[in-house]
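Below is one structure, written out as structure tokens, with a few remarks after it.
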Amino acid sequence: MKSAGVLIVISLLLTISAGCKNKQVTQQGKNPVLLGFSQIGAESAWRTYNSKSIRKAAEENGIQLLFSNAEQKQENQIKAIRSFIVYRVDVIAFVPIVQDGWDNVLREAKNAHIPVIVCDRKIRTKDESLYAAYIGTDSVEEGRKAARFLLQKYEGAGGTHSILELRGTDGSSASDGRAQGFREELSKNKAFRIIYSESGNFIRSRGREIARNILDANNDALQIGGEKIDIIFSANDGMTLGFLEELASRGIATGNQESGITVVTVDAQQEAIDKLRSGDINCVIECEPDIGQEVMDAAKKLAAGERVPRLLHVEEEIFTENDDLLRIAPRNY
Ligand code: GYE
């Protein structure tokens with residue numbers, strides 16, 4: 001009688017947990033951690049590799065992943081997070097496409113006692129209790145690194161240096177942070193002036209389009225209002241590569257080629273490193289897309305009710321024309 005009662009309770013518990021979460025039960029009979037992940041989309045090679053990293057790490061860590069692609073729309077991300085809450089996942093992780101506008105949905109997650117990991121891009125909120133941890137890059141520092149490279153390169157050069165900036169998605173911490181850090185550090189030398197800035201949304205074809213429009217309007221010269229551009233600072237490699245394609249098609253030199261325009265770019269995908277090696281790009285600021293393992297570590301701890309560090313900035317390098325470029329390990333994307 002006693003054992004029958006226990007059996008009923010056990011099977012009831014199994015039904016409830018299966019009904020609530022539809023979880024696969026592992027061979028050991030333990031429920032795997034169920035992680036809802038809302039990705040922005042696939043705007044760049046960086047992003048595609050970032051998604052790969054998340055999927056791979058989930059698999060390697062035995063984490064059941066609900067992966068949702070928002071196709072560049074915040075409203076889709078909010079919907080995805082709501083469905084994760086309804087599904088009663090153990091942990092929610094998401095890459096916020098922009099910094100603002102998350103409070104309501106994150107409060108819903110908090111009320112449902114589901115911990116949230118903010119990945120890759122940061123959010124802006126007055127209520128820090130709405131998420132457990134941030135894991136990813138330090139975009140402001142990336143912008144500072146780009147500026148520091150220029151301050152050094154042009155030290156004692158005399159004259160003024162005009163800059164064209166390609167921004168990523170406006171309102172995102174990745175783009176706004178880089179722009180902020182860049183200006184902050186660059187303001188130390190008044191010889192630098194940003195004379196043109198446009199958003200290409202982190203998309204390669206948009207980078208090319210921006211170059212095409214400027215060159216078409218200026219008789220194939222990279223100039224704005226009659227003023228020649230000396231430096232290009234681009235918030236990601238995708239836009240840089242698109243922009244450089246257009247310049248090359250019109251015979252305009254960049255990098256350390258004869259009278260080349262200086263190019264500084266962020267991400268460090270293989271194609272950008274190749275262009276650094278061939279001398280078409282002067283400086284590449286690394287941004288690490290491979291954060292899957294860190295996210296899974298945090299998800300497992302949070303699901304177990306443990307605490308995790310609030311802020312994890314991944315380590316990132318800077319590669320310049322002055323380095324021994326052979327030492328750069330092959331990139332994964
Ligand atoms: O630099 C860019 C991507 O959020 C840091 O987004 C990320 C940026 C990355 O699409 O290529």
Side-chain angles (χ1 to χ4, degrees), residues 37-54 69-74 76-77 93-102 117-124 134-146 165-182 198-208 210 232-245 263-276 281 283-292 294-295 311-319 331-333:
F37 189 91
S38 165
Q39 178 61 285
I40 302 173
E43 73 281 1
S44 64
W46 190 100
R47 180 67 52 207
T48 305
Y49 187 70
N50 175 244
S51 294
K52 230 169 137 179
S53 164
I54 296 292
N69 178 335
E71 273 152 21
Q72 309 299 320
K73 290 204 180 81
Q74 182 175 30
N76 289 347
Q77 290 203 279
F94 77 116
V95 177
I97 183 156
V98 289
Q99 300 186 71
D100 295 319
W102 302 102
I117 307 169
V118 177
C119 304
D120 162 32
R121 296 186 183 174
K122 294 182 178 171
I123 64 168
R124 193 156 33 210
Y134 168 78
I135 297 172
T137 189
D138 183 347
S139 298
V140 178
E141 185 57 23
E142 288 167 342
R144 288 191 199 116
K145 284 179 185 165
E165 177 188 42
L166 294 174
R167 303 190 311 278
T169 303
D170 285 333
S172 71
S173 69
S175 183
D176 294 4
R178 287 166 188 169
Q180 181 199 323
F182 187 66
E198 185 171 345
S199 167
N201 268 317
F202 288 125
I203 296 171
R204 184 170 181 146
S205 60
R206 282 281 299 130
R208 181 149 196 176
I210 293 171
I232 298 162
F233 169 54
S234 166
N236 89 335
D237 288 346
M239 295 188 295
T240 310
L241 294 165
F243 201 96
L244 294 191
E245 260 158 29
V263 180
V264 183
T265 181
V266 188
D267 272 358
Q269 74 185 69
Q270 186 61 53
E271 236 184 301
I273 297 297
D274 291 345
K275 290 227 174 305
L276 178 66
I281 288 178
C283 174
V284 179
I285 313 292
E286 184 188 32
C287 177
E288 180 58 81
D290 196 2
I291 57 171
E294 286 80 357
V295 173
L311 180 78
L312 181 67
H313 279 155
V314 288
E315 255 180 60
E316 290 162 340
E317 285 197 65
I318 160 166
F319 307 116
R331 322 298 299 165
N332 292 316
Y333 73 104

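Counting starts at 1 for both ligands and their atoms, in listed order.
Of the charged side-chain nitrogens involved, none lies within less than 4.0 Å of a carboxylate oxygen, so that Lys145 and Glu142 do not count as a salt-bridged pair. Using a 4.0 Å cut-off between charged nitrogen and carboxylate oxygen, Arg206 and Glu43 do not count as a salt-bridge pair.
Residue-level proximity to ligand 1 for Arg178 is carried by the side chain, the only part with a heavy atom below 4.0 angstrom.
Within the structure, ligand 1 has Asp120 among the residues with a heavy atom less than 4.0 angstrom away. Within the 4.0 Å heavy-atom shell around ligand 1 one finds Cys287.
Close approach of ligand 1 to Ser44 is summarised as follows: ligand atoms under 4.0 Å from at least one heavy atom of the residue are 2 (C), 3 (C), 10 (O), 11 (O). Using a 4.0 Å cut-off to heavy atoms of Asn236, the atoms of ligand 1 that qualify are 2 (C), 11 (O).
Under a 3.5 Å cut-off, the side chain of Gln269 and the backbone N or O of Tyr333 do not form any donor-acceptor pair.
Counted within 6.0 Å of NZ on Lys275, heavy atoms from surrounding residues, nucleotides or ligands total 12 or fewer; the atom is thus considered open.
Geometrically, ligand 1 and Arg121 share a nitrogen or oxygen pair separated by less than 3.5 Å. Between Arg47 and ligand 1, an N or O atom pair is found at a separation short of 3.5 Å.
With ring centers used as reference points, Phe202 lies 6.0 Å or more from Trp46.
Looking at Asp237, Ile97, Ile291, Asp267, it is Asp267 that brings a heavy atom closest to atom 11 (O) of ligand 1.
What sits closest to atom 10 (O) of ligand 1 on the protein, heavy atoms only, is Glu43 OE2, 2.5 Å.
The aromatic rings of His313 and Tyr134 lie perpendicular to each other, with more than 60° between the two planes, well past the 30° mark.
Of the listed residues (Asn50, Asn69, Asp120), just one forms a side chain to side chain donor-acceptor pair (under 3.5 Å) with Gln39, and that residue is Asn50.
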